[in-house]
2 protein chains.
Amino acid sequence: MALFLSTFVNKVDKKGRVSVPASFRTALVGQTFSGVVALPSLTVPAVEGSGIDRFERLAEGTDQLNPFSEAHDDFAKAIFGRSHQLPFDSEGRIVLPEALIAHAKLGETAAFVGQGRTFQIWEPEAYRAYEREATERARRERGAFLQRREEPRS
Amino acid sequence: MALFLSTFVNKVDKKGRVSVPASFRTALVGQTFSGVVALPSLTVPAVEGSGIDRFERLAEGTDQLNPFSEAHDDFAKAIFGRSHQLPFDSEGRIVLPEALIAHAKLGETAAFVGQGRTFQIWEPEAYRAYEREATERARRERGAFLQRREEPRS
DNA sequence: TGACACTTTATGGGCGTCAATGGAAAGTCT
DNA sequence: AGACTTTCCATTGACGCCCATAAAGTGTCA
């Protein structure tokens, strides 16, 4: 089980600690770093989260010499420079740095939203609004998706 | 054999538990997650269900750590975030989250409706109405279809 | 073929464990 | 020492796990 699914709303205490949903934690076991890697999303007011394995793979990509290497360089700066390693405490919580809390405008609670291979952390109310919009778009594009889904596996 | 066929109506107890029909369970054996993945349908008042394999395939197509790949779907976001992993208990039941019960307006009973590679969970009465309507529509369209076929002869 | 034993499902309920949360204690860094 | 951070216990409420029962299906054998 290596997928982040569903949405969980947990509390942020006055120390900035949040419980990472248990199912997310189990999706991260066996990694070289026991915790999550988090960075402010470049596109939405949320925190992007994943295991460190993702970044290890990403690092390999930046080492390559290719036509996009310059873009990769900017990319690496934007990604690695702004990312945080957040270790689990013994109860499976992480502490969110001030920079991330500010970026996502987090208050008393935080919504962990599964996105498959990664997840995001949202202010719950902001996510509800965003989800409504995203769902509406998905509904419109539904035809294309369903076709893809029903493709016979080769 | 991995198809969901036929319709079964089972009870929802006061804990929100429902037995997944045995034939549906056997269609799910051997998956990496022992249970079903469920999400509210985008189009009808029902719960969409499937095995996790479907979502694993979906995740492969959406790698969204790279912000330059603008191509990621709203859809994947809407799908992963709104989905729920519902593990089987030792008797083959799942517990339906409040959000799904509300979406499908489930009461004391739930109808599991096979759809081939997936299935749906309906409030039984709502499904009967929907089915009547669907077969009626199919009948009308079949009529039109047959007419079209006959046209070249005339 | 009909009766009986056995297996599989569906359903209900009780109870122990763990996840989520809060707070205290211990350790660090000026 | 004071402020802040990390580690360690304490509580509670939900959920997973187990057992018990009933209904339904399957098979066997006289």
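Just so we're clear, the structure is a prediction, and the values are computed from it rather than from any experiment. Labels below follow one simple rule: chain letters A, B, ... track the order of the sequence lines, proteins then strands, and each chain is numbered from 1.
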Minimum-distance nucleotide to A:S90 side chain [options: C:dG12, D:dG16, D:dC8]: D:dC8
Between the base of D:dG16 and the side chain of B:R17, is there any donor-acceptor pair under 3.5 Å? no
Interatomic distance, B:F88 CZ vs D:dC15 C1' [rounded to whole Å]: 17 Å
Under the side chain to side chain contact (heavy atoms under 4.5 Å, CB included) criterion, do B:T7 and B:F112 qualify, and how do the steps go? CA-CA 5 Å; B:T7 297; B:F112 287 76; over 6 Å; no
Between A:E131 and A:R128, is the closest basic N to carboxylate O distance under 4.0 Å? no
Look at the side chain of A:E91 against the base of D:dC9 and say whether a donor-acceptor pair falls under 3.5 Å; ignore hydrogens and angles. yes
Tell me the interatomic distance from B:R93, atom CZ, to C:dT8, atom P, rounded to whole angstroms. 18 Å
Does C:dA10 have OP1 or OP2 sitting under 4.0 Å from an N or O in the side chain of B:R25? yes
Atom pair distance, as rounded to whole Å: CZ in A:F8 and C1' in D:dC15: 13 Å
In whole Å, I'd like the distance from the CZ atom of B:F24 to the C1' atom of C:dA10. 15 Å
Mind calculating the distance between CG (B:N10) and P (D:dA23) to the nearest angstrom? 16 Å
So what does A:D89 hit on the nucleic acid, given a heavy-atom distance under 4.0 Å: a base, only sugar-phosphate, or nothing? nothing
Could you state the atom-to-atom distance from NE2 of A:H84 to P of D:dT5 in whole Å? 14 Å
Using a heavy-atom cut-off of under 4.0 Å over every strand shown, decide if A:K15 touches base, sugar-phosphate, or nothing. base
Indicate yes or no for a side-chain donor-acceptor contact from B:H84 to the backbone of B:P40 under 3.5 Å, with no hydrogens or angles considered. no
Measure from the side-chain heavy atoms of B:D13 and tell me the nearest of C:dG12, D:dC8, C:dA20. C:dG12
Rounded to the nearest Å, what distance is computed from the CG atom of residue A:L96 to the P atom of nucleotide C:dT21? 13 Å
How many Å lie between CD on B:E108 and P on C:dA10, as a whole number? 18 Å
Can you tell whether the side chains of A:E136 and A:R132 come within less than 4.0 Å, N to carboxylate O? no
Side chain of B:K11 - closest among C:dT21, C:dG12, C:dT9: C:dG12
Shortest non-hydrogen pair, B:L5 vs B:F24, comes out as O-CE1, 3.3 Å
Mind checking if A:V20 touches a base, just sugar-phosphate, or nothing, with heavy atoms under 4.0 Å? sugar-phosphate
